[in-house]
**Student:** 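There's a structure below that I have some questions on.
One-based numbering, in listed order, for ligands and for the atoms of each. Keep in mind the model is a prediction, meaning the values are calculated, not measured.
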Amino acid sequence: METLQLAVLGSGNGSNLQAILDGIAARALSAKVVCVISDVANAYILDRARKAEVPAFHVDCGPSKSKLEGEAEQRVISILREHGADTVALAGFMRIVKQDLLRAYPERVLNIHPSLLPSFPGLRAWEQALNYGVRHSGCTVHFVDEGTDTGPIILQRTVLVHDRDTPESLHKRIQSQERIAYVEALRLLANGRLRIEGRRVLRLND
Ligand code: GRF
């Protein structure tokens, strides 16, 4: 079993970061969060990191709203290297990561998305699912490739959609599954159980 040297990138509340920190504290996951990076200066994810005494950085990403590129991307890569990160977990990071970062961490960048991919990629996935009328939704943890929410799927957890759901109530139910899913996916990775074969992520010794 390896101890993941984990960097977490996020733009918002950081509930997935919290779940990861709690999973480590509970010894459910062999990992250390070596740094947390946000593109949003006052994001709560940075406060959560500081409270846990994890080095926390804001990286100004300039005018591009949707991508991590150019100088900002290089700055992120150098922070990751300085802190010895070997795995990058995107947790509510609202930018598309590009080639340089993916090449620096091949098969080591993960993301969590609040729908059952490949349905409803992109923004406000829970609302897309509700408006479409699906009866099941959930979350997906996947390896990141150069597309938007298109990389090989590690695991998914489902929730039922209720007649009375609002976007908020459905999102909340999905998020309670996210907290379990991310820790589980990272545990599989730390235990060397995952092998990518094309689009499929196989579980070794399963
Ligand atoms: C989660 O719903 C995640 O699926 C999506 O953004 C949200 C981040 O939540 N990508 P948090 O910042 O981890 O609380």
**Student:** Does the N or O separation between G14 and ligand 1 drop below 3.5 Å for any pair?
**Tutor:** yes
**Student:** Is the side chain of S115 donor-acceptor paired with the backbone N or O of F120 at a distance under 3.5 Å, no angle test?
**Tutor:** yes
**Student:** For atom 5 (C) of ligand 1, what is the nearest protein heavy atom, given as residue, atom name and distance?
**Tutor:** P114 CD, 3.9 Å
**Student:** Hey, does the side chain of S11 reach the backbone of M94 with a donor-acceptor pair shorter than 3.5 angstrom?
**Tutor:** yes
**Student:** Only heavy atoms of E178, strictly under 4.0 Å: list the atoms of ligand 1 that pass.
**Tutor:** 1 (C), 2 (O), 3 (C), 4 (O)
**Student:** W126 versus ligand 1: do any nitrogen or oxygen atoms come within less than 3.5 Å of each other?
**Tutor:** no
**Student:** Please identify which atoms of ligand 1 are closer than 4.0 Å to at least one heavy atom of H171.
**Tutor:** 2 (O)
**Student:** Sequence neighbours left out, what pairs pass ring-ring contact (aromatic ring centres under 6.0 Å, His included) with at least one residue falling in residues 168-194?
**Tutor:** W126-H171
**Student:** Which other residues end up in the same hydrophobic cluster as V34, if Ile, Leu, Val, Met, Phe, Trp and Tyr are linked when side-chain heavy atoms come under 4.5 Å apart?
**Tutor:** none
**Student:** Is the backbone of A85 close enough, under 3.5 Å, to the side chain of Y105 for a donor and an acceptor to pair up by distance?
**Tutor:** yes
**Student:** Looking at D22 and R179, does any basic side-chain N land under 4.0 Å from a carboxylate oxygen?
**Tutor:** no
**Student:** Atom 9 (O) of ligand 1: which protein heavy atom is closest, and how many Å away?
**Tutor:** Q175 NE2, 3.6 Å
**Student:** Of all the non-hydrogen atoms in the protein, which one sits nearest to atom 14 (O) of ligand 1, and at what distance?
**Tutor:** S15 OG, 2.5 Å
**Student:** How close does the nearest protein non-hydrogen atom get to atom 6 (O) of ligand 1, and which residue and atom is it?
**Tutor:** G92 CA, 3.4 Å
**Student:** Judged by atom type as modelled, is there a donor-acceptor pair below 3.5 Å linking the side chain of S30 to the main-chain atoms of E2?
**Tutor:** yes
**Student:** For atom 10 (N) of ligand 1, tell me which residue out of L123, I112, V8, N13 has the closest non-hydrogen atom.
**Tutor:** I112
